Amino acid sequence: MKILVINCGSSTLKFQLVETTADSASMGRPHKLARGLVDRIGGPASCHFEVAGSTPVENRLTVDDHEKAVALVIQWLNSMPELRSIDAVGHRIVHGGDQFTTAAWIDDRMVESLDSLCELAPLHNPAGVSGIRAARKVLGSTMPMVAAFDTSFHHTLPETARTYAIPREIAQKHGIRRYGFHGLAHQYSVMCYGQLTAMPPEQINIVTLHLGNGCSACAIRGGTSVDTSMGFTPLEGLVMGTRSGDIDPAVVPFLARKEEVSADEVENWLNKRSGLLGLSGISNDMRELTAAYNQDPRARLAVDVFCYHARKYLGAYLAALGGADAVVFSGGIGENSPLVRAKICADMGWCGLRLDSAANDALIGSDGCIAQPRSAVKAYVVHTDEESIIARETARVLTERTK
Ligand code: AMP
């Protein structure tokens, strides 16, 4: 089955064309046929289209909206016989609220439900919904389409982990609870760890640390999420590229008063000007900060605060789980930074976690174990592939409907 996976941001459209087979659907590693990016939608945009194993095609042209971007992608795919005839489209949607606890078939009513969820995730959901509308307009509403959600994997959070200690009636009235995000990435880590260790999902007890520009930790028991660091929005939890992560909520009204700005503006600072960028004053890019670590005290502090928070969550989740078999790193930083992994796992012998420093230094951008053979708690690195999960879920929903 040929599945087009679409992931829309406010001014971007990323896509992958993947081929799932009965076997790859179950193993979760579909064959990649093509991929690409339309960047800076809304004006003069750059397009990068690439057939697997070939030289990418780069183009600059005006792309007014997501509909035009989808049309360009389809036009490019149709220009190559081997990429024509898509069977289905899988869309990534950040927030599924309480309604969508698993990937869901898209029809008119479903799109309306997604519209109503935009209030819960105003920074993330509108782009995904415009991607769906655009794809239905370009490909027709009879093209099978499925939405996969970043929140779904966390629908198993127990009440104790998902509930904020605020007045219950207010929380219920406004749907305020911890939803968790990055679910597709954490789900992929579980699947990949299962493949690396030949363990069935129901026996997997691990802590996953997804460290990229956005970062989150997840406590996994029996292959399901029982706690995660992002909450009502993706702002809570670990220090991220430009997001503060955990902060005393009283800081928001305090800063609003002192700086004479609205609470929305302070929230914007916490989302866009904080984290590694805010701490270092240099960059949100961990590559630059680790390169400057020994010379620049601000870069050092940013890296150290980042690692300290991740380490604190790792300890908390080991306690929440009553111990785990492994910590699994993913995301651009988790996959590529031995320094960050070493700092997070330093002196963890007390819980049985001992990194193999040679393996840690050597493993960059691929999957494998970085713990010593005698380490009771292992450490693994996996190369995140959320598109594989979206394609697999799309194939699953489609197959169930046609049964
Ligand atoms: P992601 O959001 O998962 O694409 O991750 C993006 C982040 O990964 C970038 O902002 C970088 O900070 C980080 N990254 C990528 N490569 C490296 C590297 N070699 N060392 C440290 N950080 C890296």
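These numbers come from the heavy atoms of this one structure, side chains and all, not from hydrogens, waters or symmetry mates. Atoms within a ligand are numbered from 1 in the order they appear, just like the ligands themselves. Remember, predicted model here, so these are calculated numbers, not experimental data.
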Single hit among His155, His95, His124 for ring pair (Phe, Tyr, Trp, His ring centres under 6.0 Å) with Tyr179:
His95
Which protein N or O atoms sit under 3.5 Å from any N or O of ligand 1? Give atom names and distances.
unit_1	atom_1	unit_2	atom_2	d
ligand 1	2 (O)	Asn213	N	2.9
ligand 1	3 (O)	Gly332	N	2.9
ligand 1	5 (O)	Gly332	N	3.4
ligand 1	8 (O)	Ile333	N	3.4
ligand 1	12 (O)	Asp285	OD1	3.2
ligand 1	12 (O)	Met286	N	2.6

May I ask you to check whether Asn205 and Arg221 show a side-chain donor-acceptor distance below 3.5 Å?
no
Within the 4.5 Å heavy-atom criterion, are Met240 and Met230 side-chain neighbours or not?
yes
In terms of side-chain heavy atoms, does Arg396 have a donor or acceptor partner in Thr102 at a distance below 3.5 Å?
yes
Nearest 0.5 Å, please: how far is NZ in Lys137 from OG in Ser130?
12.0 Å
Check whether more than 12 heavy atoms from other residues, nucleotides or ligands sit under 6.0 Å from atom CZ of Arg177, and answer yes or no.
yes
